[in-house]
Amino acid sequence: MDVSHILDSLNEEQRQAVAAPSRNLLVLAGAGSGKTRVLVHRIAWLMEIERLNPSSIMAVTFTNKAAREMRGRIEKLLDLPARGLWFGTFHGIAHRLLRSHWRDANLPENFQIIDSDDQLRLIKRVIRELNLDETKWPPRQAQSFINSNKDEGVRAEYIDDTSDIYMRTMKLVYKNYEEQCQRSGLVDFGELLLRSHEVWLNNPQLLAHYQERFRHILVDEFQDTNTVQYAWLRVLAGSRVPLTVVGDDDQSIYGWRGAKIENIQHFQNDFADTMQVKLERNYRSTSTILDAANGLIANNSGRLGKQLWTEENEGEPIDLYAAFNEQDEANYVADCINEWVKKGNQRTDVAILYRSNAQSRVIEDAFIRQQVPYRIYGGLRFYDRMEIRNALAYIRLVHYRHDDAAIERVINVPPRGIGNKTVSDLREHARLDSVTLWQACNEMIRLGSLKGRAANAVQKFIDLIESLADGANDLALHTLVEKVINESALKDFHGAEKGEKGQARVENLNELINATRDFEAEDDEMEPLAEFIAQAALDAGENQAEEHEDSVQMMTLHSAKGLEYPLVFMVGMEEGLFPHSRSSEEPGRIEEERRLCYVGITRAMEKLVMTHAETRRLYGQEKFHAISQFIREIPASLIQEVRLRNTVTRPVSFQRSGIDDWATGASSDAAFQLGQRVNHSLFGEGVVLNYEGQGPHARIQVNFDSEGSKWLVLSYAKLEAV
DNA sequence: CCCCTACTGATCCAC
DNA sequence: TCAGTAGGGG
């Protein structure tokens, strides 16, 4: 067997991973070390050398995008369609399983997936039905309670509610929500995983069937798996299906979303006979950038341990710019980019990374002023748009009348005279009779328990849905969707919104019709309509618009994971911003922030620029921020401090110590400490809240007992310590 | 039902 | 500060 096409283009470590014996394998893949390539070649190896049937290989990713990309690359490598391979996200695969075994899963045959928006509506409804005060028990909080418990594999019945009113209430909401979902055949994201896991646990023969079938399972981004996903894999793999997991503990940045870094840390203990391969050679960045990343991440504890290296040369030092404030910071970035473009470079090769979305505004302003074209990653994705979600709700109802989440959404959209009162009557009826809202609509009309106008309106709604559904099976998908959008009057409704908005919404609705026209059904066991609906729920679509102009890419550090850019700016490198103030509580959170910083640094290929602002307006208040501790953790020799006109290189530690002292209020020329009581000849006594600036321009904020808070120029204020 | 005002609260986000 | 939303009045 000729293996050259699989192994030739790989380095020694990659080859080891790809050609490892077919047993448990942990690949620790550093940033830019060719992770996807190893995964793709390993699959090819298993198929061609180990002679595994494609349908006996399962490859799991976290995003649909990653799954699509990998599938494409395999097809390219093998030069044939990867038919039969079980390829997809955890949720997609779980959905597929539940669909095949809906009876074992105790679900209706056409159960529907709800997203977090639908989920929130349902939870709101449950809270209202329980007569709980929504202000005391915010639905969002209940939602995250439910989801994090599902992520941990904990059902309502197992929640310990002894003594605590909070736990008691949350458990009650969780339990009622579960019942509500079960009654209307709705399954949320967490439920997909939890339920399919339970199906295996409860059906040994079914589990055995899959263990028989799968000869190898591969998992990407293993450091991002949560408790249920890990348990799911463990059950499925048992002791007979070998697992290849690929990941990087240093890039685990989703702990807040339930990911457990321990999963990758303990993998070798939990899965017998695991071989480990480290991919440490980096093909992306200069050695300066890698040394910075290595130096930073060395401050974390409990690492599996990796040291990135490259054969590339040093490249340029890392620039550090201390901006006066956030506007100055933004202008500096804009200037740098204009400079970069003037040298003949592309703007698409530049990324601005920030910790939180709110930071983008000031930068956008500067870019607009300086005419730097930019694009923001993230934001509303296609299937998250209101008009699209409304249209989908109608489509869902055409397919499955008992989808309560869909009815809740569109029963009065566009407005048709079914007011709050009527809807709550319907809910009440549904609750008392343990039926779905659709059944409640029909029953209440039949029983005549709705009065004239309301009865009419509800009847019209029922008729509308039925007429949309009439003959739906004979229509091409896009024809049906077009019909739904027109006859539900959604197009007119959204088109009537004022400003550009209406027009944009109509365009999006048309785009939805186009999307269904292009939609290719893949699963022949499923109606195309059902498949389209499931796909829309599980894949929110690309979150970026078309690529027109040559523009700078702006995004959060989180969404930068997996991407690379020749020139990278990391802005807002300040304590409180990054690391974020909310993560200083537990030590584990600060390590995750550090990993996030590591992810940011390793996005840069040629040049990295870090900036911080000495003062920044945050939540309406001008605040002083100390420079981020992460800057200090990068070897000083790699950093070059920059001033706008003249570039000076000087010891970083020197400059920084001054700033650090200033931040804590311990600087020698600042005679006052934060929190100290002072006296002013005019305003009386007060407490020092904040400082800004240095030297003769330094200002001080004092909260006076009688006058409230004021900013004073320190050198004029003549303050006395009390 | 719609618009205006008052109030709240504020990382990161795939499925 | 400002964006998003809940509730009241028209």
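Chain naming here is simple, since letters A, B, ... match the order of the sequence lines and numbering starts at 1 in each.
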**Item:** Nearest-Å distance for atom pair CG/C1', residues Leu120(A) and dC13(B)
**Value:** 15 Å
Tabulated below should be each protein N or O lying under 3.5 Å from an N or O of nucleotides 5-11 of chain B; please produce it.
residue, atom, partner, partner atom, Å
dT11(B), OP1, Tyr619(A), OH, 3.1
dT11(B), O4', His580(A), NE2, 3.2
dT11(B), O2, Arg355(A), NH1, 2.7
dT11(B), O2, Arg355(A), NH2, 2.3
dT11(B), O4, Arg589(A), NH2, 3.1

**Request:** Identify whether the distance between the nearest side-chain nitrogen and carboxylate oxygen of Asp188(A) and Lys150(A) falls below 4.0 Å.
**Result:** yes
**Asked** On a whole-Å scale, what distance lies between the P atoms belonging to dT5(C) and dC12(B)?
**Response** 15 Å
**Request:** Answer yes or no: is there a side-chain heavy-atom contact under 4.5 Å between Arg589(A) and Arg582(A)?
**Result:** no
Do any N or O atoms of the protein come closer than 3.5 Å to N or O atoms of nucleotides 2-10 of chain C, and which pairs are they?
residue, atom, partner, partner atom, Å
dA3(C), OP1, Arg361(A), NH1, 2.5

**Prompt:** For Asp539(A), which contact category applies under a 4.0 Å heavy-atom criterion: base, sugar-phosphate, or nothing?
**Reply:** nothing
**Gly153(A) versus Val228(A), closest heavy-atom pair with distance** = N-CG2, 3.3 Å
**Residue-phosphate contact under 4.0 Å: Thr556(A) side-chain N/O, dC13(B) OP1/OP2** = yes
**Item:** Trace of the side-chain contact (heavy atoms from CB on, under 4.5 Å) decision for Glu622(A) with Arg617(A)
**Value:** CA-CA 4 Å; Glu622(A) 200 83 15; Arg617(A) 216 181 170 77; 3.1 Å; yes
**Residue pair Phe382(A) / Asn508(A): nearest heavy atoms and the distance that separates them** = CZ-O, 3.7 Å
**Item:** Of Leu538(A) and Pro414(A), the one whose closest DNA chain B nucleotide lies more 5'
**Value:** Pro414(A)
**Prompt:** Which listed nucleotide (dT1(C), dC15(B), dC13(B)) is nearest to the side chain of Arg257(A)?
**Reply:** dC13(B)
**Asked** When you check the phosphate oxygens OP1 and OP2 of dC1(B), does a side-chain N or O of Asn420(A) lie under 4.0 Å from one of them?
**Response** no
**Message:** Against Asp250(A), only a single residue in Lys561(A), Arg594(A), Arg595(A), Arg303(A) fulfils salt bridge (Lys or Arg N to Asp or Glu O under 4.0 Å); can you say which?
**Reply:** Arg303(A)
**Item:** Whole angstrom value for the distance that separates P of dC12(B) from CG of Leu557(A)
**Value:** 11 Å
**Asked** At under 4.0 Å, does any side-chain N or O of Arg381(A) touch on OP1 or OP2 of dC15(B)?
**Response** yes
**For the student: nearest non-hydrogen atoms of Met58(A) and Leu236(A), plus distance** = CE-CD2, 3.9 Å
**Message:** Check this for me: does any side-chain nitrogen of one of Glu134(A) and Lys124(A) sit under 4.0 Å from a carboxylate oxygen of the other?
**Reply:** no
**Message:** Output the rounded distance in Å from CG (Asn226(A)) to P (dC12(B)).
**Reply:** 21 Å
**Message:** Could you check whether any side-chain heavy atom of His625(A) comes within less than 4.5 Å of a side-chain heavy atom of His612(A), counting everything from C-beta outward?
**Reply:** no
